[in-house]
There are 2 protein chains.
Amino acid sequence: MRLTTTSYAILGLLTVKEWTTYELAQQMEKSIGTYWPRAKSKIYEEPKKLVSQNLARARREKAGARARTVYSVTPKGRRAFQTWLQEPGAPPQLEFEALIKVFFAEQGMKEDLLATLERVDAWVQMRRRLGAEIARYLLSDRAEFPQRLHIIALTSRWQLEFTRAVEHWARWARDEVERWKTMDDPSVADTRHLEAQAKAVLGGEHGDGRESSERVGKASLDQHNPKKGS
Amino acid sequence: MRLTTTSYAILGLLTVKEWTTYELAQQMEKSIGTYWPRAKSKIYEEPKKLVSQNLARARREKAGARARTVYSVTPKGRRAFQTWLQEPGAPPQLEFEALIKVFFAEQGMKEDLLATLERVDAWVQMRRRLGAEIARYLLSDRAEFPQRLHIIALTSRWQLEFTRAVEHWARWARDEVERWKTMDDPSVADTRHLEAQAKAVLGGEHGDGRESSERVGKASLDQHNPKKGS
DNA sequence: TTCCTTATACTCCCAATGGGAGTAATTTGT
DNA sequence: ACAAATTACTCCCATTGGGAGTATAAGGAA
């Protein structure tokens, strides 16, 4: 039974403290879920894998008539986790359904497109409110892991950065689309960002004689994914 | 056989022009793949579903001794797609393995964390080069769909926005971590963004008497996902 | 005190998906 | 003339998603 990224995420939680499976599922949804979403049923399976490889230990507790299992990391598990921290991970991968609707928006009406963008913005506002609540909690004296605040600040900063990017894009797109008279006039396009990107020459590119744009027509936009193991 | 978001993505491509399955798989990877990544084998199955529901038609062509299937949209398919454009879609969902490594970085060494951030930055630079090539291609006279430029400008702007957000975060995080002497001193944390978020009062929140931060401790960070159908 | 709701603590299962392996003809480059 | 890359798919298994189901415990309202 091979370990997946999800296994290591659970193992990571166990390096912080011991948890019941229920708590692990909760934590996975609450904190890690925004950048590593996984089904609850799978999270219940993971700690068993860890135990079978001696990376964690299960302790059976009884709370009244009902039993619960508490998992804790073993020294071997801690070492395995440290090794994993050194390995390169998969690049970010995004699923963003609204962008498909945007990409084919000329099939629908301007109001449909604006409604799609409006919904994206509404999602952003919801996330921002949540972010504000979490920030207040993290800075309060009720925060559970004050010794981890500097680390948590790193990941929560990403959440903010991401939310801002979505908001910035959605609002720019809305303003852009509002200027359109029809859905199929490409001459009104705001292509300033494309021009800026086209002009930019970034380091690391090893020329092959041809204009780099000649290669794109047929080139795969592959992201050299290290694949497998999620 | 119910239609998934992937089905509609394929259907969307068919509203632009007819394609062979191979070309559809290519396009899905190249253009839509950055915000809706799906396995090639599944993309080969999708057009068959569309045909079975009369949303598309298959035409068999022979190129020498080898046959190929060309798919085109039907009027019913076009209508179905327009209806889909009006429906709300799933909110953005991200998988970002490096963030798990960051979130548990105090288990490893400072160099491990910096290496993780460096790899994220390297990925960003790769994407930026690709973005530049694509921009040059889109503005060139070899671009395949000039009549769609204004639409494509919207989605490619998102790519830029996202890449920038990752870059901005990775560099901020690197600078932040470089200041750390040990991995377990939370007092060095840069929490300015948390403070700013905590102070922010956003519209739409309906107070319930309590301080909003009191609700977070146990609250689920749910994103009200409309689930199902990808 | 009783009842109702919510939280805790899981298991089971099927449909959907990922992703690689495999086959073969055709085109392009050396 | 030959090799490599591209076109054009099919097949299949392991993994995952996600909902349904079961049951006890704790907290709050009537």
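What you are looking at is a predicted structure, and each value in this text was computed from that prediction instead of being measured.
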> Is it true that atom CZ of A:R119 has more than 12 heavy atoms of other residues, nucleotides or ligands lying nearer than 6.0 Å?
Replying inline: yes
> B:T4 side chain: which of C:dA9, C:dT17, D:dA8 is closest?
Replying inline: C:dT17
>> Looking only at the side chain of B:K42 (C-beta and beyond, no hydrogens), which of the listed nucleotides D:dC12, C:dC10, D:dG17 gets closest?
In response: D:dC12
> More than 12 heavy atoms of other residues, nucleotides or ligands under 6.0 Å from NZ of B:K49: is that the case?
Replying inline: yes
> Looking across every strand, which nucleic acid part, if any, lies under 4.0 Å from A:A25 by heavy atom: base, sugar-phosphate, or nothing?
Replying inline: nothing
> Does B:E97 reach the main-chain N or O of A:A90 with its side chain, forming a donor-acceptor pair under 3.5 Å?
Replying inline: yes
> Can you find a side chain N or O atom of A:K48 that sits less than 4.0 Å from OP1 or OP2 on C:dT11?
Replying inline: yes
>> Tell me whether the side-chain N/O atoms of A:R60 come closer than 4.0 Å to OP1 or OP2 in C:dC10.
In response: yes
> Rounded to the Å, how far apart are B:E61 CD and C:dA25 C1'?
Replying inline: 16 Å
> Closest nucleotide of DNA chain D for B:E45 versus for B:T21: which of these residues is on the 5' side?
Replying inline: B:T21
> For D:dC12, does either OP1 or OP2 sit under 4.0 Å from a side-chain N or O belonging to B:S41?
Replying inline: no
>> Without decimals, in angstroms, what is the distance between A:Q26 CD and C:dT6 P?
In response: 16 Å
> Which of these nucleotides, C:dA7, D:dG17, D:dC9, is closest to any side-chain atom of A:Y22?
Replying inline: C:dA7
>> Students often get this wrong, so: under 4.0 angstrom with heavy atoms, is B:P47 touching a base, only sugar-phosphate, or nothing?
In response: nothing
> Are the charged groups of B:K42 and B:E45 less than 4.0 angstrom apart, N to O?
Replying inline: yes
>> How many whole angstroms separate atom CD1 of A:I43 from atom P of C:dC10?
In response: 14 Å
>> Rounding to an integer number of Å, can you tell me how far B:I10 CD1 sits from C:dT17 C1'?
In response: 14 Å
> When the distance from CZ of A:R38 to P of D:dT16 is rounded to whole Å, what number comes out?
Replying inline: 7 Å
>> Do B:W158 and A:F96 have side chains that approach each other closer than 4.5 Å (heavy atoms only, starting at C-beta)?
In response: yes
> Quick one: A:E46 CD to C:dA9 P, roughly how many Å, whole number?
Replying inline: 20 Å
> To the nearest Å, how far apart are A:K40 NZ and C:dC12 P?
Replying inline: 16 Å
>> Distance check needed: D:dA25 P versus A:E23 CD, whole Å only.
In response: 17 Å
